[in-house]
There are 2 protein chains.
Amino acid sequence: MASGMDDRTTRVLRHIVEDYIATAEPVGSRTISKKMGQSLSPATIRNIMADLEEAGFLAQPHTSAGRVPTGAGFRYYIDHLLARQSLARGEMDQLHRAAGEGNGPADELVRQVSRLLSNLARQASVVVVSSPEQQILSSVSLMRAGVERILLVTVMRGGWVQHRLIEGEPDLTGDELEKFSAYLNELAEGRTLLQLRARILDELGKEKARYDRVMGRALTMSARALTDAAPGEVFIEGRANILEQPEFAEDVHRLKRILRAFEEKSVIFRLLDRAMVSRAIQVSVGIENTVEELPDISVVASGYRQGASSVGSIGLIGPVRMDYSRVIPLVEYAASLLTTMFEDR
Amino acid sequence: MASGMDDRTTRVLRHIVEDYIATAEPVGSRTISKKMGQSLSPATIRNIMADLEEAGFLAQPHTSAGRVPTGAGFRYYIDHLLARQSLARGEMDQLHRAAGEGNGPADELVRQVSRLLSNLARQASVVVVSSPEQQILSSVSLMRAGVERILLVTVMRGGWVQHRLIEGEPDLTGDELEKFSAYLNELAEGRTLLQLRARILDELGKEKARYDRVMGRALTMSARALTDAAPGEVFIEGRANILEQPEFAEDVHRLKRILRAFEEKSVIFRLLDRAMVSRAIQVSVGIENTVEELPDISVVASGYRQGASSVGSIGLIGPVRMDYSRVIPLVEYAASLLTTMFEDR
DNA sequence: AGTTAGCACTCCGGCAAGGAGAGTGCTAAA
DNA sequence: TTTAGCACTCTCCTTGCCGGAGTGCTAACT
């Protein structure tokens with residue numbers, strides 16, 4: 001079916017999609033004829049268009065409007081016709097600089113890159129950070145945080161920082177805390193959070209007697225704190241960009257839906273998690289993305305890694321009518337930039 | 001001038017404001033006459049309205065529409081005519097519960113409360129946390145964070161956590177880090193961040209010789225990390241609520257402006273900082289708020305404290321036409337709730 | 001002197017009619 | 001197979017018109 005289209009037909013489809021991306025208006029046969037150097041008359045184009053419509057790639061808002069690409073049309077365009085624009089030197093530089101400025105903890109870094117990505121693409125940008133349970137710990141520390149409260153801080157390789165508050169713990173002395181921090185760090189050496197948790201339970205069970213009361217309590221406490229999994233994080237930047245898109249600016253209802261989704265992190269998480277596992281860039285067009293609340297938006301996302309393991313993904317969320325030829329390379333570049341940045345951390 | 005209005009006039013103003021708050025439509029003399037139990041005829045009301053317009057409290061969108069309160073009108077209403085609604089038992093409970101769930105670090109707590117506040121008020125809610133430089137430290141820790149990177153974690157009383165990455169530091173051994181953490185903690189005891197910084201510099205200058213090379217380097221490094229002031233934080237919840245307001249839903253331009261402002265934290269900061277210092281609740285109506293980008297929005301905010309010192313403020317941002325009688329008590333309650341929560345931290 | 005009924009006037013919003021423009025599908029000819 | 005021509009359809013914009021809501025003013029009433 002799809003692949004059974006001749007060259008001329010696909011060229012027409014390509015022009016229609018690109019014109020539609022540029023103008024957000026239904027495109028007519030006349031326009032396409034001109035765009036193709038008048039090698040074909042409008043009438044011929046119309047025939048081809050009729051074929052494309054039958055094949056499901058185009059649709060007509062009403063009898064005598066031009067054609068608009070359907071989801072399938074965009075899909076085909078992305079998969080087979082897309083001519084990627086290469087990034088401008090300046091854009092790459094900007095991204096690099098942004099990454100350089102994100103010289104705080106890791107979340108600072110991804111946030112900066114995400115922000116710039118959203119500016120360059122003029123779309124809303126999203127970064128998700130998967131729950132860092134699988135990542136290798138760099139260090140652990142127990143800190144006093146007020147009366148009967150202790151803070152367990154964990155730092156992963158790459159600079160992800162997490163903290164959990166442990167409440168209702170009768171105060172340990174500073175010395176005790178330090179002693180126990182040191183001990184925890186030993187246990188944590190080269191392990192993931194998950195492994196550390198297991199190790200702690202192990203120690204606890206194995207030789208309870210070996211520890212004095214303080215140590216035992218500290219172990220129990222840490223185990224407890226590490227039990228509730230941290231949920232992973234979502235950063236959204238450039239929300240206002242979606243107002244730049246006429247399809248949202250005009251339709252308050254759609255706008256509301258997507259803004260609400262932005263506030264519900266789990267929804268965004270679901271949108272991007274497919275990209276997280278896969279290595280290649282993922283483009284979900286409209287209805288394809290499995291989130292039923294948002295059937296009419298597209299997501300372009302790519303996972304980024306730290307060494308061999310995926311730690312999250314970065315991407316753009318916007319209308320189906322996106323400038324994919326520009327946006328796909330941008331996202332790819334941003335993701336690979338993050339991967340590179342994490343390499344030497 | 002203003003106070004020179006007789007009782008009847010102010011009652012009319014009150015009804016106009018309240019009706020306008022409820023309907024978002026210009027209100028006419030007929031409506032007000034009915035609302036006041038027909039004790040006065042529409043014609044009389046019209047005369048009063050003309051007076052109020054002359055005094056600057058009302059305006060007419062066009063010759064034969066009803067009247068709309070001006071900024072000054074709202075101002076007068078808020079200052080003199082407002083009948084506060086008391087909170088429903090259920091709302092107070094909900095807020096309490098939200099505060100209870102925020103049982104992580106302090107930012108978790110304020111975020112929860114802010115989120116619920118935004119739900120109850122159906123407006124966007126904002127919390128700012130002032131730069132915690134003035135707050136008293138609870139503990140400090142230096143942690144390894146990858147190659148040549150060290151993380152300085154500071155925990156304030158009340159549970160505010162900050163971390164700064166120190167880059168390009170040749171690795172210290174775990175032992176050295178621990179030793180120095182302990183030393184730093186001693187210096188920090190009962191001090192604010194600012195004082196700690198001063199103290200460190202002091203130590204450094206005073207008796208350089210006393211410290212071995214490692215200690216010296218560690219001191220320098222900490223001083224450096226503590227030099228760039230942390231900017232303070234802004235959390236915004238319930239952005240989508242502003243779409244519920246017809247004044248924004250209809251006017252894409254205003255919408256865009258306010259969404260952009262939400263992305264520019266410094267703007268939001270400026271909006272709320274007045275509330276931070278003052279103890280009473282602050283209501284800025286429209287043009288009054290000093291941020292020139294947003295002349296047509298209102299801010300209702302109140303500072304919250306930790307012990308004697310203000311640590312930030314919580315509030316709502318929305319159209320000038322807000323239900324102040326409901327929203328003001330809500331914000332007050334939320335702020336006092338935060339203050340209470342921080343009391344026993 | 002303050003209040004009110006009455007009335008003319010203004011302005012908005014909705015609706016229908018009409019015309020221009022854009023684009024289509026179909027047919028017949030090249 | 002392509003294309004010119006043409007009738008047709010649909011949207012969108014403009015225009016004109018009407019009803020409704022609300023005002024301001026004046027004159028009468030209390």
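None of the values given here were measured: they were computed from a predicted structure.
What separates CG of B:L52 from P of D:dG24 is a distance of 12 Å, to the nearest Å. In this structure, A:L58 places its CG atom 10 Å from P of C:dT24, rounding to the nearest Å. Atom C1' of nucleotide C:dT24 and atom CE of A:M49 are separated by 10 Å, given to the nearest angstrom. Atom-to-atom, CD1 of B:I45 to C1' of D:dG22 comes out at 14 Å; the value is rounded to the nearest Å. Atom CD in A:Q60 sits about 17 Å away from atom P in C:dA22, given to the nearest Å. Rounded to an integer number of Å, the gap from CD1 of B:I16 to C1' of D:dG22 is 13 Å. Look at CD1 on B:I48: it is 15 Å from C1' on D:dT23, rounded to the nearest Å. Atoms CG (B:D51) and C1' (C:dG2) sit 12 Å apart, rounded to a whole Å.
Without hydrogens or angle criteria, A:S33 side chain to A:L40 main chain gives a donor-acceptor distance under 3.5 Å.
A salt bridge links B:R326 with B:E91: the distance from a Lys NZ or Arg NE/NH1/NH2 to an Asp or Glu carboxylate oxygen falls below 4.0 Å. Remark: A:R239 does not engage B:E263 in a salt bridge, criterion side-chain N to carboxylate O under 4.0 Å. Salt bridge status for B:D296 with B:R257: present, with a side-chain N to carboxylate O gap under 4.0 Å. A:R67 has a carboxylate O that lies under 4.0 Å from a charged side-chain N of A:E53, or vice versa, which qualifies the two as a salt bridge. Using a cut-off of 4.0 Å between Lys/Arg side-chain N and Asp/Glu carboxylate O, B:R321 and B:E247 are scored as salt-bridged.
Checked against B:D19 for a salt bridge (charged side-chain N to carboxylate O under 4.0 Å, His left out), the options B:K34, B:R14, B:K35, B:R30 give a single hit: B:K35. The only option from A:V299, A:N241, A:V327, A:L120 that meets the side chain to side chain contact (heavy atoms under 4.5 Å, CB included) definition with A:L316 turns out to be A:V327.
When only modelled atom types and interatomic distance are considered, A:Y77 and A:E18 share a side-chain donor-acceptor pair under 3.5 Å.
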Could you list, one pair per line, each protein nitrogen or oxygen that sits under 3.5 Å from a nitrogen or oxygen of nucleotides 27-30 of chain D, together with the distance?
none

Within the sub-3.5 Å range, which N or O atoms of nucleotides 9-14 of chain D have a protein N or O partner, and how far apart are they?
| unit_1 | atom_1 | unit_2 | atom_2 | d |
| --- | --- | --- | --- | --- |
| D:dT9 | O2 | A:S64 | OG | 2.9 |
| D:dC10 | OP1 | A:T63 | OG1 | 3.2 |
| D:dC10 | O3' | A:H62 | ND1 | 3.4 |

If you restrict it to nitrogen or oxygen atoms, what contacts under 3.5 Å exist between nucleotides 3-6 of chain D and the protein, and what is each distance?
| unit_1 | atom_1 | unit_2 | atom_2 | d |
| --- | --- | --- | --- | --- |
| D:dT3 | OP2 | A:S41 | N | 3.2 |
| D:dT3 | OP2 | A:T44 | OG1 | 2.5 |
| D:dG5 | O6 | A:R46 | NH2 | 3.4 |

Please step through salt bridge (Lys or Arg N to Asp or Glu O under 4.0 Å) for the pair B:E293 and B:R260, ending with a clear verdict.
CA-CA 10 Å; B:E293 294 99 315; B:R260 291 250 176 247; over 6 Å; no
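A close approach under 4.0 Å does occur between a side-chain nitrogen or oxygen of A:R67 and OP1 or OP2 of C:dG25.
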